[in-house]
A.B. asks: 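Let me begin by handing over the structure; questions about it come next.
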Amino acid sequence: MNFLQSVSVLEGLKNNGFATIDYIVVVAYLALLIFLGFFLSRSKNGKEKDSKDYFLAGNTLTWWAVGASLIAANISAEQFIGMSGTAFASGIAIAAYELMAAATLIVVGKFLLPVMIEKKIFTIPQFLRDRYNPGTGLAFSIFWLFLYVFINLTSVAWLGALAIEQILGLRGCVLVIGSAQISIRLVIILILYIIAGVYSIYGGLSSVAWTDVMQVTFLVGGGLITAYAALSVISDSLNLEGGAFAALGKVYESLKQVPGDTHFNLAVQRNTALYGNITDDPYFTLPGIALIVGALWLTNLGYWGFNQYIIQKGLAAKSLDEAKKGMIFAAFLKILIPFIVCIPGVCAFYIKTQQPEMFASLAGGISISDDAYPFLIRNFTPVFVKGLSFAALAAAVISSLASMFNSTSTIFTMDIYKQYINKNASEKKLVNVGRITSVCALVIAMIAVYPIMGGADQAFQIIQEYSGFVYPGVVVIFGLGLLWKRASGPAAVVAAIGTFFFSILFKFIMPNVPFLLRMGYVFLVLVAIFVPMSLLNKNGRIEAEKLDQHTIDTQLKWSKILFIAAGVSFAVFIWGMCSPVLRSWGFEAMLFFAAILGVLGLYLRSNAKDKYQNAKAVGIDLVLFRTDRTFNIGAICVIVILAVLYIFLW
């Protein structure tokens with residue numbers, strides 16, 4: 001029995017379609033990655049790393065390193081496997097997470113990151129500690145640590161291992177060591193942790209960020225090649241002229257003829273005729289325009305603006321201009337991601353439902369939605385390309401894990417150890433504590449991965465929904481704390497508790513409401529609590545700093561524009577609620593959009609007119625928000641591309 005089980009691993013490797021050159025590509029990639037990680041982390045002139053070198057790469061990152069590292073940290077098995085799985089199940093509307101992220105990066109680069117860099121923010125919890133009070137900073141430090149270790153590290157490694165297991169033909173195999181049987185998936189997870197940890201733990205953010213430049217090349221290049229190769233094989237099997245593009249057209253035409261199919265719609269309408277139960281409808285996970293103007297912005301602003309392992313790359317830029325350009329570069333890369341991960345998922349759905357004979361002849365099968373992407377790699381990528389595709393997937397997983405290890409160590413070391421355990425720790429001690437923290441995170445995640453992630457079908461949606469419990473509070477607390485001079489500590493504490501309380505409450509009392517709409521309702525409640533509490537709070541209130549007339553006039557002008565836009569959005573919301581057709585497109589989202597615009601208008605007017613401010617308010621110079629021609633042209637191009645995509649794929 002043991003002999004047969006151990007042989008099954010070897011048999012799987014022999015029958016997975018990999019040629020020798022594919023294994024060579026993968027091994028060469030991993031060897032180069034580890035070599036570069038150590039080479040780039042070496043100390044210059046024999047000088048020992050200090051905390052700034054280890055946690056912020058010594059503020060040496062160029063715009064292309066910032067942009068590449070942002071995308072490499074973000075794109076992982078969560079997208080390759082989870083998002084592709086959701087595209088398989090529901091369609092390309094899930095691409096809104098990527099497309100709207102491109103727009104969000106423009107906002108972060110223009111308005112949020114400049115303030116953080118100007119104030120020399122080291123970590124996100126540090127900002128909360130300085131802006132509100134030590135308790136708020138500590139609470140969010142603990143929260144982010146739990147999120148990174150128990151959600152992010154486990155989900156990324158689990159999905160990556162699931163894909164690797166499927167691609168290599170090892171599904172269900174075990175390794176036998178003596179009398180012990182070990183799941184091959186857990187072995188793969190351990191290998192991924194070790195590879196990501198071996199250079200990130202030693203070299204810190206400089207190793208992570210500079211190797212990410214190579215990683216994103218494999219990630220984007222290998223992903224595009226995979227999608228193109230899969231479509232080419234489909235074209236050949238159907239005897240189509242025109243190659244990959246003809247195959248994509250065939251898939252598009254075939255699925256568009258299926259009644260109620262939403263696989264090529266970037267906006268999904270509620271279909272009560274086809275799906276009587278809303279939880280079966282793609283609309284339940286992708287609710288219409290909520291993906292464009294609704295609570296998805298809460299997720300994106302919370303993730304791209306206030307998530308330590310993401311924004312840390314921008315904070316490590318060599319200058320503010322380099323950081324801004326890095327955001328635009330990342331936005332362009334982000335637009336490519338739907339073509340890399342969503343189209344393959346839709347193609348897998350087409351093969352399974354429209355070409356059952358072809359599907360039956362292929363290896364692996366699709367037992368759950370998240371099997372879609374590895375199924376395509378295994379069956380549709382030719383020799384050598386298979387190795388590149390595998391390397392791209394490995395790049396996505398390893399780069400994200402490396403960033404999470406580094407950010408976990410940064411938060412624990414700088415926000416807990418240095419603040420509460422050893423305030424006089426030397427630079428060498430801080431670096432060593434950071435390394436030990438990363439090792440501990442690796443071990444804990446390894447123990448927790450199976451109990452947390454076992455049995456997930458569409459892991460991407462699970463991650464988004466439960467991350468959505470906190471993002472409404474994150475946006476209110478961080479956003480208003482950064483930009484509004486009246487934001488107060490007590491209001492932040494209540495909002496921090498309220499984001500969990502109301503998210504859980506609304507999930508129980510609104511089980512048939514899409515979670516993106518529930519997030520919007522939570523945001524409305526938190527704003528309704530946070531703003532009055534801050535305005536009424538007299539503790540820590542001081543006389544407002546005097547502003548020059550130009551600053552006052554500029555803020556009042558934009559406040560008026562935002563209030564008008566909020567009023568228009570609210571009117572559209574009322575109109576939508578009176579129309580069953582518009583309501584089926586999720587027009588509730590216009591209420592959330594109106595609230596966001598209204599809050600922005602309020603903060604601008606308050607900053608310009610109020611005679612008082614919180615004693616810990618962040619002083620803002622409007623000059624920080626100025627952007628050069630390169631940034632402006634890039635931002636316009638991103639917006640135009642997004643508009644074209646939505647027009648043609650609505």
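It should be emphasised that the depicted structure is a prediction, and the values quoted were computed from it without experimental measurement. Because only heavy atoms are used, hydrogens play no part in the values below, and waters and symmetry mates are left out as well, while side chains stay in. In what follows, residues are counted from 1 in the order of the sequence shown.
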A.B. asks: Is the backbone of A72 close enough, under 3.5 Å, to the side chain of S399 for a donor and an acceptor to pair up by distance?
C.D. replies: yes

A.B. asks: For W144 and Y148, take the angle between the two ring planes, folded into 0 to 90°, and tell me which bin it lands in: parallel under 30, tilted 30 to 60, perpendicular over 60.
C.D. replies: parallel

A.B. asks: Mind checking whether W304 and V107 have side chains closer than 4.5 Å, heavy atoms only?
C.D. replies: no

A.B. asks: Please evaluate residues I411 and I124 with respect to the criterion side chain to side chain contact (heavy atoms under 4.5 Å, CB included), reporting the C-alpha separation (whole Å), side-chain torsions for both, the decisive distance (0.1 Å), and the verdict.
C.D. replies: CA-CA 8 Å; I411 290 177; I124 294 301; over 6 Å; no

A.B. asks: Between T262 (side chain) and S90 (backbone), is there a donor-acceptor pair under 3.5 Å?
C.D. replies: yes

A.B. asks: Do L556 and R605 have side-chain heavy atoms sitting under 4.5 Å apart?
C.D. replies: yes

A.B. asks: Could you tell me whether the side chain of D415 reaches within less than 4.5 Å of the side chain of F140, counting heavy atoms only?
C.D. replies: no

A.B. asks: Side chains of Y471 and M519: closer than 4.5 Å at any heavy-atom pair?
C.D. replies: yes

A.B. asks: Kindly indicate whether the side chain of R131, heavy atoms from C-beta on, has any atom under 4.5 Å from the side chain of V618.
C.D. replies: yes

A.B. asks: Taking the side chain as everything from C-beta on, heavy atoms only, tell me whether V522 gets closer than 4.5 Å to L526.
C.D. replies: yes

A.B. asks: Taking all non-hydrogen atoms of both residues into account, name the closest pair between V213 and A68 and its distance.
C.D. replies: CA-CB, 4.0 Å

A.B. asks: Are any side-chain N or O atoms of N265 and backbone N or O atoms of A93, one a donor and one an acceptor, separated by less than 3.5 Å?
C.D. replies: no

A.B. asks: Could you measure the distance from the CZ atom of F625 to the OG1 atom of T627? Nearest 0.5 Å is fine.
C.D. replies: 11.5 Å

A.B. asks: Could you give the distance from CG (L480) to NZ (K485), rounded to the nearest 0.5 Å?
C.D. replies: 14.5 Å

A.B. asks: Just so I know, are the side chains of L315 and M116 near enough to count as touching, which here means a heavy-atom distance under 4.5 Å?
C.D. replies: yes

A.B. asks: Only one of I75, T104, V638, L99 clears side-chain contact (heavy atoms from CB on, under 4.5 Å) with K334; which?
C.D. replies: I75

A.B. asks: Keeping the roles fixed (side chain from T211, backbone from S207), state whether a donor-acceptor pair exists under 3.5 Å.
C.D. replies: yes

A.B. asks: Keeping the roles fixed (side chain from K119, backbone from G619), state whether a donor-acceptor pair exists under 3.5 Å.
C.D. replies: yes

A.B. asks: Looking at D281 and F284, would you say the former's side chain and the latter's main chain have a donor-acceptor pair under 3.5 Å?
C.D. replies: no

A.B. asks: So, for M590 and S569, which heavy atoms are closest and what is the spacing to 0.1 Å?
C.D. replies: CB-O, 3.6 Å

A.B. asks: Report the distance from atom CG of L266 to atom CD1 of I289, rounding to the nearest 0.5 Å.
C.D. replies: 14.0 Å

A.B. asks: Begin with the C-alpha distance, continue with both residues' side-chain angles, and end with the deciding distance and a verdict on side chain to side chain contact (heavy atoms under 4.5 Å, CB included) for T551 and T554.
C.D. replies: CA-CA 5 Å; T551 299; T554 300; 5.9 Å; no

A.B. asks: In the structure I gave you, are the side-chain heavy atoms of N406 and Y309 within less than 4.5 Å of one another anywhere?
C.D. replies: no

A.B. asks: Using only heavy-atom distances, determine whether the side chains of T630 and K324 contain a donor-acceptor pair under 3.5 Å.
C.D. replies: no

A.B. asks: So how far is it from I81 CD1 to L159 CG, rounded to the nearest 0.5 Å?
C.D. replies: 7.0 Å

A.B. asks: For M404, does its backbone N or O pair with a side-chain atom of S407 as donor and acceptor, under 3.5 Å?
C.D. replies: no

A.B. asks: Between N614 and S488, does any side-chain donor sit less than 3.5 Å from a side-chain acceptor?
C.D. replies: no

A.B. asks: Would you say that more than 12 heavy atoms from the other residues, nucleotides or ligands in this model lie under 6.0 Å from the NZ of K318, or not?
C.D. replies: no

A.B. asks: Under the criterion side chain to side chain donor-acceptor pair (under 3.5 Å), I'd like the reasoning laid out for Q308 against T123: C-alpha separation, chi angles, the key distance, then a yes or no.
C.D. replies: CA-CA 7 Å; Q308 180 67 30; T123 69; 4.7 Å; no

A.B. asks: Could you please spell out the steps behind the side chain to side chain contact (heavy atoms under 4.5 Å, CB included) verdict for L320 and E118?
C.D. replies: CA-CA 8 Å; L320 178 56; E118 173 70 14; 5.9 Å; no

A.B. asks: For the residue pair A163 and L393, what are the closest heavy atoms and their distance?
C.D. replies: CB-CD2, 3.4 Å

A.B. asks: Given the rule in the side chain to side chain contact (heavy atoms under 4.5 Å, CB included) test, do I574 and F587 qualify, once you have shown the distances and angles that lead to the verdict?
C.D. replies: CA-CA 9 Å; I574 297 297; F587 262 67; over 6 Å; no

A.B. asks: Looking at I117 and G314, what are the two nearest heavy atoms and their distance?
C.D. replies: CD1-O, 3.7 Å

A.B. asks: Ring centres under 6.0 Å, that's the criterion: do W64 and F329 meet it?
C.D. replies: no

A.B. asks: What distance do N59 atom CG and K120 atom NZ have between them, rounded to the nearest 0.5 Å?
C.D. replies: 9.0 Å

A.B. asks: So, does W585 use its side chain to make a donor-acceptor pair with the main chain of R270 at under 3.5 Å?
C.D. replies: no

A.B. asks: Decide if the gap between the ring center of F143 and the ring center of F500 is smaller than 6.0 angstrom.
C.D. replies: yes

A.B. asks: Given 3.5 Å as the limit, does a donor-acceptor pair link the side chain of S155 with the main chain of I151, or not?
C.D. replies: yes

A.B. asks: Would you please indicate if the ring centroids of F592 and Y521 are separated by under 6.0 Å?
C.D. replies: yes

A.B. asks: CD1/I121 to CG/L482 distance, rounded to the nearest 0.5 angstrom?
C.D. replies: 6.0 Å

A.B. asks: What orientation do F506 and F502 show, parallel under 30°, tilted 30 to 60°, or perpendicular over 60°?
C.D. replies: tilted

A.B. asks: Test your reading of the model: is there a side-chain donor-acceptor pair from S84 to the backbone of C342, 3.5 Å cut-off?
C.D. replies: no

A.B. asks: What heavy-atom pair brings V474 and G302 nearest, and what distance separates the two atoms?
C.D. replies: CG1-CA, 4.1 Å

A.B. asks: Around atom CZ of F563, are there more than 12 heavy atoms of other residues, nucleotides or ligands at under 6.0 Å?
C.D. replies: yes

A.B. asks: So which atom in V208 and which in A402 form the shortest heavy-atom distance, rounded to 0.1 Å?
C.D. replies: CG2-O, 3.8 Å

A.B. asks: Could you tell me how the ring of F530 sits relative to the ring of W484: parallel (under 30°), tilted (30 to 60°) or perpendicular (over 60°)?
C.D. replies: tilted

A.B. asks: State yes or no: are the ring centers of F570 and F573 separated by less than 6.0 Å?
C.D. replies: yes

